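Have a look at the structure below, then the notes.
In what follows, chains carry the letters A, B, and so on, assigned in the order in which the sequence lines appear, proteins first and then strands, with residues in each chain numbered from 1. As the structure is a prediction and not an experimental result, all values here were calculated from the model.
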There are 2 protein chains.
Amino acid sequence: MDQSSPRNTSVTVADVAHKAGVSKATAARALGGYGTVSDRVREAVTAAARELDYRPNELARSMTTGRSGTIGVVVGDIENPFFSLAVRGITDVARQAGFTVILINSGEDFVAERAAIGTLLAKRVDGLIVSPAKENDVEHLHEAVRSGLPLALLDRGSDTLDVDTVIADDRHAAENITRRLIALGHSRIAYLTACDTPDHRFRTAKDIGTGSVRRRIEGFLGVCREAGMIGTEDWVHVGAITPEHTQRIVTEMLQSAQPPTAIIASDSIIGLEVFKVHRRLGLSIPDDLSLVSFHDADWTSVTTPPVTVVRQPVYDLGATAAKLLVERLNGEAQTPRKVVLKNEIVERASTREARF
Amino acid sequence: MDQSSPRNTSVTVADVAHKAGVSKATAARALGGYGTVSDRVREAVTAAARELDYRPNELARSMTTGRSGTIGVVVGDIENPFFSLAVRGITDVARQAGFTVILINSGEDFVAERAAIGTLLAKRVDGLIVSPAKENDVEHLHEAVRSGLPLALLDRGSDTLDVDTVIADDRHAAENITRRLIALGHSRIAYLTACDTPDHRFRTAKDIGTGSVRRRIEGFLGVCREAGMIGTEDWVHVGAITPEHTQRIVTEMLQSAQPPTAIIASDSIIGLEVFKVHRRLGLSIPDDLSLVSFHDADWTSVTTPPVTVVRQPVYDLGATAAKLLVERLNGEAQTPRKVVLKNEIVERASTREARF
DNA sequence: AACGTCAAAGAGACCGGTCTCATCTCGACT
DNA sequence: AGTCGAGATGAGACCGGTCTCTTTGACGTT
């Protein structure tokens, strides 16, 4: 069955049609399963196709149909367990619906994200799932929407973008977790995020471009204010963009005159570094320091002590975003939907009464 | 700048040409940067393009050039930290070289993998990076190669496929780690892998389809044999395909009359479950049980005790595969290259002398 | 027998780019 | 001045599908 090995130039409908002794149009009908074709001809064509090992050229098909069968996905960093799990959710749903996924990492960089959108637009993806790095700078997304491209936002919304959005109730989770820490007597609670500001200092939540994180910080600050705490803004640390940055920030923080008694890590990568640093400094969790991390990463349950986390429905976040998008692509959706999935707080042994 | 908002039908070169008052061919030349165009015309065309917000249709371009600018990547499971890191390596290199990545999970299922290759072939990807589930069943890959599609193999090779291949020296790592365990006095060493056999029992390494794992097991068995151990085959356990499976297997193993004194986990997901089970059973690592895991996942360094691992150059595995593929796509490569990257054994506190 | 209907098949335009080939213009060289 | 060559542009084929429009012919009806 390898006689035709040297064939490198691809087989087209015209070839199949010729071999089957019918016109190109008829062969296309038989192969494409549209129009009317007699059984006899259909068999002849499929036989010819099989013999020639014909494979339809999706590109050419996309050309005329205007549908490429692909979804563009732009996430911060596929290496981050949060995103890899979300992408798993997306790809599972997409494949089920007959779509393939083009994946691009933005590195949480606005410029890279814009370029990614441009690339995907040029590739004529049927739809877009984006986790925008900055909720304010979404002009490139507006543009995509304007050109008629269905868009779904993942984990981060945007007030100015009226499109399908799937987020978790991060504000609520942050409020809850902060309340618990305060109830445990903590008054020096630090919040640590990878999001950065131009001068690497935090002043107001408005400066935080990443929506999910902004909402968490707002929740955190709100509860602190409610509890009568002041100057909480100074306990928010930004710019933990690499493990090295995080280690430096955490080390300084813990060695200062007024070290925090509790730390909330905005993602599991940061949480992991906090855990490593506390060890290196010879501190004890939860005796000297309480730790809460966003994202129930695998490591959080096997440390000593295991870490209290906000368990986000990450897989569902991705799967739901894909589901909304696919429905829209199939014309089943009308007005944009905003889905908010529930977080769950998993209280483990890394949180305890503040001692002081 | 939004006057042209209602434009949903896309702008083509013909539109730009018309607006600039030149022929389609000339406009295409100016926009595509090929052929010769006078400065005056070039400016007129680019101005018209900007004004109409022209975006080239990559699909149409691919149609004639025969290059789609995409690389198809098929991995077992993007949720697995091993693959997400490798994919990060791939996407970084691919983007650098101007390629985008279509990602498909095979779930380590041969049928799904074959379907994935078919899809990618239809989408006319320029090249393929695959981590084949089974090194024997590669007919679908042969077919891809036969049709002239450049292919690079990731983490798993195949003797019958003479293509660019990037693997780590897993056999060597397995030999080393086994030797160390034996030197520590272990004689009941279990090896645990997700790869499965039809009857879920292990007999010979030949039954293991996943090349990297087969080489590890061969290394493991070889060293055991060298050391005069017999019946080692019975200590190899297959089918740890989900956390639940793994927990069941490990629990049974540890509660049997002859429990292992050391376990080698074939990947970090399995290693994690072993760690969880030993805890649940109230055992102590390394007092009751030594543990070694393949893949230096983030959690392995923060457990108590931290886990001895085989640190695989995962990012480089992906990056190198992409590099080889890109070079081939650029016509710089001649004969297929087989790259073997070095593993490193990171000895931590989870391994100790067998007691008794 | 004449006509209408409808399934089946063919011819060819089209999608939006690239690219070959022909034409035209203009400066340089003999 | 006439010829040559290179640069600039236009016309149109082409990639491999889809899809519309037209033609053909078998069958049923009155």
Between [N] atom [atom2] and [X] atom [atom1], what is the distance in whole Å?
| X | N | atom1 | atom2 | value |
| --- | --- | --- | --- | --- |
| A/Leu59 | C/dT18 | CG | C1' | 14 Å |
| A/Leu31 | D/dG17 | CG | P | 9 Å |
| B/Arg124 | D/dG16 | CZ | C1' | 9 Å |
| A/Met63 | C/dC15 | CE | P | 9 Å |
| A/His18 | C/dA11 | NE2 | P | 13 Å |
| A/Arg61 | D/dT18 | CZ | P | 5 Å |
| B/Asn57 | D/dC15 | CG | P | 18 Å |

Reading nucleotides 5-14 of chain D 5' to 3', which nucleotides get B (base under 4.0 Å from a protein heavy atom), which S (sugar-phosphate only), which -?
---BBBBBB-
Can you check whether A/Tyr34 has a side-chain N or O nearer than 4.0 Å to OP1 or OP2 of D/dT18?
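So the side-chain polar atoms of A/Tyr34 do come within 4.0 Å of the phosphate oxygens OP1 or OP2 of D/dT18, strictly under.
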Using a cut-off of 6.0 Å, state whether more than 12 heavy atoms not belonging to A/Asp159 lie near its atom CG.
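For A/Asp159, atom CG is not crowded (no more than 12 foreign heavy atoms under 6.0 Å).
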A/His142 atom NE2, over 12 foreign heavy atoms within 6.0 Å:
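Check passes, neighbour count above 12.
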For B/Thr64, all residues meeting side chain to side chain donor-acceptor pair (under 3.5 Å), sequence neighbours excluded:
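For B/Thr64, no residue satisfies side chain to side chain donor-acceptor pair (under 3.5 Å) once neighbours in sequence are set aside.
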Check: A/Asn80 side chain, A/Phe82 main-chain N or O, donor-acceptor pair, under 3.5 Å:
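The answer is yes, because a donor-acceptor pair under 3.5 Å joins these two groups.
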Hey, are A/Asp155 and A/Ser131 close enough side-chain-wise for a donor-acceptor pair under 3.5 Å?
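No, because no side-chain N or O of A/Ser131 sits under 3.5 Å from a partner of the opposite role on A/Asp155.
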Can a salt bridge be assigned to the pair A/Glu332 and A/Arg337 using a cut-off of 4.0 Å between side-chain N and carboxylate O?
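Salt bridge absent between A/Glu332 and A/Arg337.
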